[in-house]
2 protein chains.
Amino acid sequence: MTVTLADVAARAQVSPATVSRVLNGNYPVAASTRERVLKAVDELDYVLNGPASALAAATSDLVGILVNDIADPFFGIMASAIQGEIGGPGGRAGGERLAVVCNTGGSPERELTYLTLLQRQRAAAVVLTGGAIEDAPHQAAMDAKLRKLADAGTRVVLCGRPPAPGTGAIALTFDNRGGGRELTEHLIGLGHRRLGYVAGPQERTTTRHRLEGHRAALAAHGIEEDPRWTVHGRYDRRSGYEAALELLRRDPALTAVVAANDSVALGACAALRDSGRKIPDDVSVAGFDDLPFSIDAVPALTTVRLPLTEAGARAGRIAMGREEPPPGDIASVRGELMVRGSSGAPRG
Amino acid sequence: MTVTLADVAARAQVSPATVSRVLNGNYPVAASTRERVLKAVDELDYVLNGPASALAAATSDLVGILVNDIADPFFGIMASAIQGEIGGPGGRAGGERLAVVCNTGGSPERELTYLTLLQRQRAAAVVLTGGAIEDAPHQAAMDAKLRKLADAGTRVVLCGRPPAPGTGAIALTFDNRGGGRELTEHLIGLGHRRLGYVAGPQERTTTRHRLEGHRAALAAHGIEEDPRWTVHGRYDRRSGYEAALELLRRDPALTAVVAANDSVALGACAALRDSGRKIPDDVSVAGFDDLPFSIDAVPALTTVRLPLTEAGARAGRIAMGREEPPPGDIASVRGELMVRGSSGAPRG
DNA sequence: AACGTCACAGCAAGCGCTTTCTATGTACCT
DNA sequence: AGGTACATAGAAAGCGCTTGCTGTGACGTT
């Protein structure tokens, strides 16, 4: 039924071993033989059996990319950059690797199960992107899994995710704390003293770090924070809309709203507009990430640009062993404050 | 080194066959035996060898999702919906399948190579999303590949992609033509007579269909189209910005700009603003897709909503064999016109 | 009491490939 | 010429799992 290596071998009048060597190309094969084999492959329309090959060679060409939410461009952009370096088919990398992105949806179980699935497939490398979940048991389970993967020879890279010490994983971490602080300091510098914060989901490291940066800025400037000024929600527009409304309800005198990310910020903008406030005249708004659409908001969003593409590409290269891991296997990637129209001095 | 089935068998004092059957669970195994095996699996921390299993069983649990650009939310949203139904780990589906998304970047070669890679892995199903490339040789190659996949037992589903007759693929197609026509008719109804069109890449079916719809509307209303009114570009914001500028240069009297999709429309909006035009007072703008950010544009974007999530979910279910394919294996999915602030009557 | 029937469990033969080791020319030295 | 070295090709032993077929007791039947 299906064409096998042996069929090709028969047709080319060589042994299966030779065909295998031609296909893998790391063993001397005479040019004439190679050609004959290639011709047979072509004529028979032969397709290598991946599982069989992976089994025999004890390695596979699968590279997994775990993302929290594939519908979010934040992850889409990173995944795209990573995949671009993995080579995938057509990439500049020589070996053809199947870079696959797995969508965990932010669920701890799925995260773990995907890792197991990749472990099963004997993946060549795994890249985990975005914030981690802060739950001790889950984190322990993840670390154990990562360690096992690393031990089994799978290269593990964390991109935009906090380091996982002792697991053998290489981390490219975003400086969310620093970015958050810089952003809020910008607002404070403009004169704001009553700042609302629309945070992401409680249990995410990203959420906590950005919030900590924000609070550090407040503290550094002697601003006492009112607990009512923080609302947690999801990392999406809808959540930002609702949270901003809630913030306004709690303290109508806020002059600035800092959001956990750009999508949330856009939702907040909509809420402010719908409640009759002008941006930035009445209320300033700031986001985080600087996704492509942020510049198109009206007014354009003040935010912190994260080099998603660069970081992703680097993570991809490291995963492929084409770039040296950073010293200590940990690197911190900084964001850049982008001051735009959505932030201004408070009225008065 | 690594734990194998045999190790588990030894530990549980049963034969490897029994362990396999416990793990696959479709063969009677006494409860006590099963428990013993499961215990051994747990104690040994055994992980099934995917390739070996796939080889022996001649099937795998891999499901491929091909997208043109993973950084584009259009694809991210669909991929997310598809993956949600595939089950992936934790999905409601019983069997755990590894749903992986492959980013072709719109390149014909990568598209084909990914398909080969998936064929190699003996994928259980493949879902191709978004517009196809209109190049006869490539299309022939794709069709041949799809047919081969289908013949090998891989279920092939097209989501938001034109049918591929004779390949055995099941198609859920977006009615781009109808949507494009409806959109332009709306603009014409408002009184516009000079409409620019920022099209996508020439060779995409999506591009052509939307443009055809647009032209059909013009023709139906006796508007003769000026060839200068159409500019082709990529499906991104930047391209929309440049194309809109070009359109204005060619005909400063345009009263409306229709874009190939929402990102392009946003870019066009920026260009219009930057050139001192008010939307919709001076120029109306319309997009396509209704991605989440479109409602946040100021003014909110008039566009055609495509049910990406619903279509993706359906495609996913069909791929998993959990939903009947549509009659004739082809279904057309309609878009819905969303009239919002970016379109209005031309200045009279 | 003898004999089908079942419910389980094990045997063993692969699945299609990779790779080590070995065999065979051929070329090159001295 | 004899011998060593090198370049190639083949034989064969698995890689770790699945599954058809074959036992083997326990049970129910007549």
Side-chain angles (χ1 to χ4, degrees), chain A residues 1-38 40-41 44-62 95-96 117 119-124 152-153, chain B residues 1-38 40-41 44-62 95-96 116-117 119-122 124 152-153:
Chain A
M1 187 59 228
T2 56
V3 182
T4 72
L5 235 210
D7 298 332
V8 176
R11 172 138 204 163
Q13 316 236 54
V14 296
S15 73
T18 303
V19 178
S20 171
R21 298 203 257 247
V22 168
L23 263 24
N24 292 300
N26 37 261
Y27 190 89
V29 174
S32 64
T33 313
R34 146 172 294 111
E35 233 169 79
R36 204 145 30 91
V37 170
L38 258 18
V41 165
L44 258 32
D45 206 12
Y46 169 68
V47 176
L48 188 70
N49 182 316
S53 157
L55 172 60
T59 59
S60 90
D61 51 9
L62 212 63
E96 271 177 10
L117 246 33
Q119 185 182 4
R120 245 185 220 179
Q121 302 301 326
R122 305 301 189 249
Chain B
M1 187 61 231
T2 56
V3 183
T4 72
L5 235 211
D7 298 332
V8 176
R11 172 137 201 159
Q13 317 235 52
V14 296
S15 74
T18 303
V19 177
S20 171
R21 298 205 256 246
V22 167
L23 262 25
N24 292 301
N26 36 261
Y27 190 87
V29 174
S32 65
T33 313
R34 147 172 292 112
E35 234 169 77
R36 205 143 33 89
V37 170
L38 257 20
V41 165
L44 259 32
D45 207 11
Y46 169 68
V47 176
L48 187 71
N49 182 316
S53 157
L55 172 58
T59 59
S60 90
D61 50 10
L62 212 63
E96 270 176 10
T116 303
L117 247 33
Q119 185 183 5
R120 246 184 219 180
Q121 302 301 327
R122 307 301 189 249

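Lettering of chains follows the sequences in order, A, B, ..., and the numbering in each one begins at 1. The analysis underlying the following values was restricted to heavy atoms, covering all of them including side chains, and did not include hydrogens, waters or symmetry mates.
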Gln121(B) side, atom CD; Thr116(B) side, atom OG1 - distance, nearest 0.5 Å | 11.5 Å
Could you pull out all residues at least two apart from Arg11(B) that satisfy salt bridge (charged side-chain N to carboxylate O under 4.0 Å, His left out)?
-> Glu43(B)
If you take all heavy atoms of Ala12(B) and Val37(B), which pair is closest and at what distance?
-> CB-CA, 3.9 Å
Closest non-hydrogen atoms of Pro16(A) and Ala9(A), given as atom of the first, atom of the second and distance, are N-CB, 3.6 Å
Contacts of type side-chain hydrogen bond (donor to acceptor under 3.5 Å, both in side chains), residue Thr33(B), not counting sequence neighbours = none
How large an angle, rounded to 10°, do the end axes of the helix from dA1(C)-dT30(D) to dT30(C)-dA1(D) enclose when each is built from five base pairs?
-> 40°
Any chance you could measure Leu44(A), atom CG, to Thr4(A), atom OG1, to the nearest 0.5 Å?
-> 9.0 Å
Check side chain to side chain contact (heavy atoms under 4.5 Å, CB included) between Ser15(B) and all other residues, then give those that pass, not counting sequence neighbours.
-> Ala17(B), Thr18(B)
Applied to residues 14-37 of chain B, the salt bridge (Lys or Arg N to Asp or Glu O under 4.0 Å) test, sequence neighbours excluded, yields none
For nucleotides 23-26 of chain C, list the nitrogen or oxygen atoms of the protein found under 3.5 Å from its nitrogen or oxygen atoms, one pair per line.
none

Tell me, for nucleotides 13-23 of chain D in 5' to 3' order, what letter each nucleotide earns: B for a base near a protein heavy atom under 4.0 Å, S for only sugar-phosphate near one, - for neither?
-> -BBBBBBBB--
Those residues that, when tested against Ser53(A), pass side chain to side chain contact (heavy atoms under 4.5 Å, CB included) (two or more places apart) | Leu48(A)
What is the distance from CZ of Arg34(A) to P of dA7(D), rounded to the nearest Å?
-> 15 Å
List for me each residue that meets side-chain hydrogen bond (donor to acceptor under 3.5 Å, both in side chains) alongside Ser20(A), sequence neighbours excluded, and say none if there are none.
-> Asn24(A)
